[in-house]
Amino acid sequence: MNQRRGKTFIISGPSGVGKSTVLNALMQKRSNLYFSVSATTRQPREGEKDGQHYHFIDAETFREMLGRDEFLEHAEYVGNFYGTPKRYVDEAMERGQDVILDIEIQGAMQICEKRPETVRIFIAPPSWKELERRLTDRGTDSPEKIQKRLLRAKVELNSASSYDYFVINDSVDKAVAELDAILCAEHCRAADRISEIEGM
Ligand code: ADP
Ligand code: 5GP
């Protein structure tokens, strides 16, 4: 068989819905996944490591990277900048790895304009109340920041119908199983499978 090329999967969803939690579990379950580490100007939360969760940089460095066209996409979110470094995404796909981008909806739109084959998955909470509870109980954001993130969440949930898939993170195990199934199905698409057969 010819070596398959990796695919890119965008995961979006309101802050606090459980994207990091679910993606960590998915990474344990599926080998051959590459998690794209974004650059951000936001301050690290307790326990977050530079280069693992984010590349934590200042606004000037962010502007310099933007000037050198190093981002596949970028966006402002609740007072900070976030961007996906292009180089590592392309290298991982060339190696045959699937790439996971945990990004918000403006960045998702930019990528889909440039690369329409990208698969977009939206993760939603089981209820609005539960989203508020998770954001508050996580204990990483001030009440003011939580309100700003919840305001953004309303806008994001209104955009969810334009995504390819919709996963409700009620239970982590179920959400991970659904994500796993989506990745698996996307690799069974006829156009991709045929190109994997030698001599075709
Ligand atoms: P995000 O990355 O989307 O901002 P996190 O992964 O940080 O969200 O999760 C936010 C909070 O919700 C965390 O405290 C996490 O432990 C909790 N959480 C995640 N998924 C679930 C779930 N299915 N049920 C209950 N709590 C969850
Ligand atoms: P947080 O500050 O909670 O880690 O992330 C805030 C929001 O920024 C989340 O919706 C997350 O998906 C998004 N995000 C993280 N990295 C990027 C990125 O590189 N680009 C864009 N557009 N959004 C990102």
Side-chain angles (χ1 to χ4, degrees), residues 8-28 34-57 61-62 65-66 70-89 99-115 118 120-142 144-157 159-160 163 167-179:
T8 304
F9 295 87
I10 289 175
I11 313 290
S12 299
S15 179
V17 73
K19 298 181 297 298
S20 306
T21 307
V22 166
L23 288 177
N24 276 337
L26 183 71
M27 302 283 294
Q28 306 295 321
Y34 174 80
F35 178 77
S36 163
V37 180
S38 298
T40 184
T41 60
R42 118 158 133 62
Q43 291 299 308
R45 295 181 183 134
E46 209 183 305
E48 281 185 331
K49 293 198 179 75
D50 189 36
Q52 184 184 334
H53 298 94
Y54 280 106
H55 301 288
F56 294 101
I57 59 177
T61 309
F62 195 95
M65 288 177 75
L66 203 52
E70 289 181 20
F71 292 126
L72 189 53
E73 61 71 38
H74 70 281
E76 185 268 341
Y77 180 95
V78 190
N80 288 301
F81 293 102
Y82 296 79
T84 303
K86 194 166 19 188
R87 197 179 118 197
Y88 305 117
V89 170
V99 176
I100 299 287
L101 303 178
D102 172 350
I103 63 175
E104 51 69 69
I105 56 175
Q106 303 168 79
M109 282 192 288
Q110 291 170 41
I111 292 191
C112 285
E113 270 176 30
K114 290 182 196 161
R115 302 182 176 190
T118 307
R120 285 186 300 169
I121 306 169
F122 196 90
I123 304 198
S127 68
W128 184 256
K129 215 171 164 194
E130 174 64 7
L131 179 65
E132 287 181 323
R133 189 197 66 76
R134 286 184 195 171
L135 252 184
T136 310
D137 288 2
R138 185 170 68 183
T140 53
D141 297 277
S142 65
E144 187 206 349
K145 284 269 175 193
I146 288 176
Q147 284 315 309
K148 287 188 175 163
R149 282 171 180 259
L150 286 170
L151 268 181
R152 272 301 261 268
K154 290 240 188 259
V155 177
E156 288 169 334
L157 282 161
S159 300
Y163 276 63
V167 170
I168 298 173
N169 179 21
D170 193 352
S171 112
V172 173
D173 286 352
K174 187 162 166 281
V176 171
E178 289 189 358
L179 285 174

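Everything numeric in this text was worked out from a predicted model, so none of it was measured. Whatever order the structure lists them in is the order used to number ligands and atoms, beginning at 1. We number each residue from 1, following the sequence as shown.
The distance criterion of under 3.5 Å between nitrogen or oxygen atoms is not met by Glu130 with respect to ligand 1.
Only the backbone of Pro14 comes within 4.0 Å of ligand 1, counting heavy atoms alone; no side-chain atom from C-beta on gets that close. Of the heavy atoms in Gln106, none comes closer than 4.0 Å to ligand 2. Neither the backbone nor the side chain of Met109 comes within contact range of ligand 2; no heavy atom lies under 4.0 Å. Contact annotation for Asp170 and ligand 1: only backbone heavy atoms (N, CA, C, O) come within less than 4.0 Å of the ligand.
Between Arg149 and Val78, the shortest heavy-atom distance links the atoms CG-CG2, 4.2 Å.
Proximity of the aromatic rings of Tyr82 and Phe62 is defined here by a centroid distance below 6.0 angstrom, and this criterion is not met.
Proximity of a side-chain donor or acceptor of Glu76 to a complementary backbone N or O of Gly79 within less than 3.5 Å is detected.
Listed by number with element, the atoms of ligand 2 under 4.0 Å from a non-hydrogen atom of Glu73 are 18 (C), 19 (O), 20 (N), 21 (C), 22 (N). Near Lys19, meaning under 4.0 Å from any of its heavy atoms, are these atoms of ligand 1: 1 (P), 2 (O), 3 (O), 4 (O), 6 (O), 8 (O).
From the protein, the heavy atom lying nearest to atom 18 (N) of ligand 1 is Arg134 CD, 3.9 Å. Ranking the protein heavy atoms by distance from atom 10 (O) of ligand 2 puts Glu104 CB, 3.6 Å first. Protein heavy atom in closest approach to atom 19 (O) of ligand 2: Ser38 OG, 2.7 Å.
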